[in-house]
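What follows is a short report on a single structure.
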Amino acid sequence: MRFSRSLIPTIKEAPADATNVSHVLLTRGGFIRRVGAGMYDYLPLGLRVLKKIEAIVRTEMDRAGALEILMPALLPAEYFKETDRWTKFGDNLFRLKDRKGADFHLGPTHEEIVTDIARREIRSYRDLPKNLYQVQSKFRDEPRPRGGLLRCREFVMKDAYSFDSTEDGAKASYEEMRKAYVRVFDRLGLNYRMVAADSGAMGGSTSAEFQVLADSGEDAIVACDACSYAANVEVATVTPADEPAGTSGERTKVHTPGHGGIADVAAFLKVETKQMLKSLIYRAQKEVAMVVVRGDHDVNEIRLARILGVDEVALATEADVRKTTGAAVGYAGPVGFTGRVIVDRAASLVKSGVTGANETDHHLTGVEHGRDFEGEVADVRLASNGDTCPSCGKGKLTTYKGIEAGHIFILGTHYSAKMNATFLDETQKKQPIIMGCYGIGVSRLVATTIEQHNDASGMRWPMSIAPYHVHLCTLGKDEPVLAAAQALYDALWSKGIEVLWDERDERPGVKFKDADLIGIPFRVTFGGKNFAAGNVEMKARDESDPAKSEMVAIADAQARIEDFVRKALA
RNA sequence: CGGGGCGUAGCGCAGUCUGGUAGCGCACUCGGUUCGGGACCGAGGAGUCGAAGGUUCAAAUCCUUUCGCCCCGACCA
């Protein structure tokens with residue numbers, strides 16, 4: 001493709017509303033344009049990357065024996081009503097009505113629809129296993145779309161669904177998908193971790209996330225430095241230290257005017273944050289409960305919800321805190337608290353703790369669980385950096401930030417039972433089909449890749465998904481230069497190598513800046529003194545040192561480029 | 001939905017407090033000089049100041065309503 005004929009509107013200044021690197025670079029590089037909150041145009045370069053990711057995903061799905069289908073994005077409400085997700089999805093569902101007033105929605109995910117296919121087409125255990133997948137736009141009315149392509153209201157997802165007649169079969173299907181996912185993420189050139197995860201609202205048992213490591217990630221994961229254990233902090237098991245922390249002291253009320261936060265109070269009273277007993281008031285449906293964790297720990301809200309027996313919990317409002325503790329936010333404590341109290345195991349071992357006095361501007365020191373207050377002891381904190389690994393018991397956990405790019409689940413019979421998707425087993429008995437579901441955020445991966453592969457000058461695409469393999473730059477308009485470039489361009493395309501040829505009438509600086517920004521992995525430059533000497537310049541985008549470019553005789557150029565591209569694709 | 005902020009030319013912004021000529025940089029068009037890391041000079045085009053209503057002789061600016069967008073939280077691929 002000739003640059004001047006393409007649509008690659010690069011811009012120097014980043015749009016003001018972009019905060020993520022990927023959002024800034026994809027916009028500046030002319031890959032995407034915002035249409036509305038969480039909705040984007042894919043311009044030619046952006047679409048080429050998206051399509052390449054899709055192609056890799058398709059290849060690996062097909063290779064794993066999955067069958068591509070396509071379900072509608074526009075759906076009648078009846079299917080979601082069958083499983084009650086019409087209600088459960090709440091505001092996240094884009095709802096609409098047809099001219100007759102009937103309820104419809106845009107598909108946020110397709111368990112019900114694919115289960116409907118299964119219940120109509122699958123009769124016998126002989127029909128199983130099956131795995132159906134699609135690559136399609138999904139619609140979710142996100143509370144807060146953000147980060148460019150990282151979180152959209154319309155996004156491209158690959159969703160696969162497995163159907164098995166036995167538990168073992170389902171596990172095998174899951175395992176097959178897990179392997180396929182590993183191949184996909186490897187081919188995308190990403191640094192990622194497969195981690196144990198929460199099944200959330202999908203309603204399943206076993207599940208794992210594919211987390212791409214990036215500082216901008218919103219998910220916290222922990223991984224052991226000694227074994228293969230890795231988990232989302234939401235589900236990471238904590239191995240609490242057994243030794244009591246510190247020695248017992250006498251309970252004393254102290255005046256802490258204006259000091260409410262943990263770090264603040266710890267500094268004011270000159271104690272370590274792990275000596276603090278952080279007391280948080282949570283609302284779980286109608287119940288209000290206090291959770292006590294050590295000052296250096298955080299509450300695992302998913303675990304807390306399970307302990308309290310509810311779907312979700314939320315921090316109480318300021319008004320609720322005042323009502324239940326009689327003090328301003330920042331001064332809550334378990335001593336004398338009359339409601340339900342959950343104490344984290346680590347916090348229960350703190351001997352001379354510091355906690356709020358349930359009285360504004362006052363704290364208690366020398367507080368100890370079992371002596372000064374009671375409460376159910378449970379593991380309700382999040383795993384944190386430096387914890388002992390719960391799996392091997394030897395290594396230490398390190399925390400990482402990750403972007404969730406894939407998630408695989410064993411669903412069991414959650415959907416098939418509700419929707420009556422059954423098969424006849426060998427004994428002519430009707431059984432619900434055992435399902436699994438497997439998602440990859442294809443459009444999110446476009447952004448995720450950039451989050452991990454960029455430098456101060458721009459994007460750095462892995463060859464496997466780069467919009468073009470080679471960026472050919474010609475400097476000037478000299479006829480011999482253009483003719484030589486044209487010959488190389490034609491030869492490379494005929495070999496299946498995709499070339500973007502920047503033949504614009506621009507100054508070299510402009511071309512080089514654009515080339516770096518767009519981030520095509522290999523740049524070939526024709527022109528100037530080098531051309532006069534019979535050479536072309538070649539430079540890998542990953543090479544940041546400008547002195548590291550390579551001079552190659554024009555006659556050898558094609559072979560050298562082919563070699564580079566083939567090796568990078570291998 | 002709770003909290004904070006922003007809507008002025010394609011993009012980035014100033015002007016709003018204290019009402020009175022709509023401005024700057026980039027981009028764009030034309031002419032010239034330049035040409036290996038975002039050139040320079042000259043000339044030019046381009047804006048219902050998010051929308052509606054109000055106050056006023058006069059509104060980007062003050063008042064009311066409304067829409068959109070962004071950031072921090074709860075959700076997710």
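Chain naming here is simple, since letters A, B, ... match the order of the sequence lines and numbering starts at 1 in each. Computed over heavy atoms, backbone and side chain alike; hydrogens, waters and symmetry mates excluded.
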>> Walk along nucleotides 66-71 of chain B from 5' to 3' and tag each nucleotide B, S or - by protein heavy-atom contact under 4.0 Å, base first, then sugar-phosphate.
In response: ---SSB
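Side chain A:E506 to base B:rG38: no donor-acceptor pair is found below 3.5 Å. With hydrogens and angles left out, the side chain of A:R28 and the base of B:rG12 share no donor-acceptor pair within 3.5 Å.
The residue A:R283 sits apart from the nucleic acid: no heavy atom pair falls under 4.0 Å. Residue contacts for A:N530: at a heavy-atom cut-off of 4.0 Å it reaches a base atom on one of the strands shown. Contacts of A:G527 with the nucleic acid, taken as non-hydrogen atoms under 4.0 Å apart, include base atoms. At a threshold of 4.0 angstrom between heavy atoms, the contacts of A:R33 with the nucleic acid are absent. At a threshold of 4.0 angstrom between heavy atoms, the contacts of A:D516 include nucleobase atoms, whether or not backbone atoms are also involved. Heavy atoms of A:P143 sit under 4.0 angstrom from at least one base atom.
Map A:E404 and A:R507 each onto its nearest nucleotide of RNA chain B; the residue landing nearer the 5' end is A:R507.
Here B:rA74 sits opposite no nucleotide as a Watson-Crick or G-U wobble pair (both hydrogen-bonding atom distances under 3.5 Å). Nucleotide B:rG19 has no partner under the Watson-Crick or G-U criteria, as no pair reaches both atom distances under 3.5 Å. Base pairing of B:rU56 is not made with any nucleotide, judged by Watson-Crick or G-U wobble geometry with both donor-acceptor distances under 3.5 Å.
Looking at the side chain of A:E218, the nearest of the listed nucleotides B:rG38, B:rC75, B:rA39 is B:rC75. Relative to the side chain of A:T525, the nucleotides B:rG37, B:rG36, B:rG38 differ in distance, and B:rG36 lies closest. Of the candidates B:rC11, B:rC75, B:rU34, the closest approach to any side-chain atom of A:R151 belongs to B:rC75.
Ionic pairing of A:R303 and A:D379 is not present here: no N-O contact between side-chain nitrogen and carboxylate oxygen is shorter than 4.0 angstrom.
Applying the 4.0 Å criterion to OP1 and OP2 of B:rA27, one finds that A:K12 has a side-chain N or O inside that range.
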Which atoms of nucleotides 6-10 of chain B (N or O only) lie under 3.5 Å from a protein N or O atom, and what are those distances?
none

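Here the rule is side-chain contact (heavy atoms from CB on, under 4.5 Å) with A:F210, and of A:I403, A:V184, A:V182 only A:V182 fits it.
Judged by ring centres under 5.5 Å apart and planes tilted less than 30 degrees, A:F512 fails to stack against the six-membered base ring of B:rG38.
Residue-environment remark: NZ (A:K529) stays at or below the threshold of 12 foreign heavy atoms within 6.0 Å.
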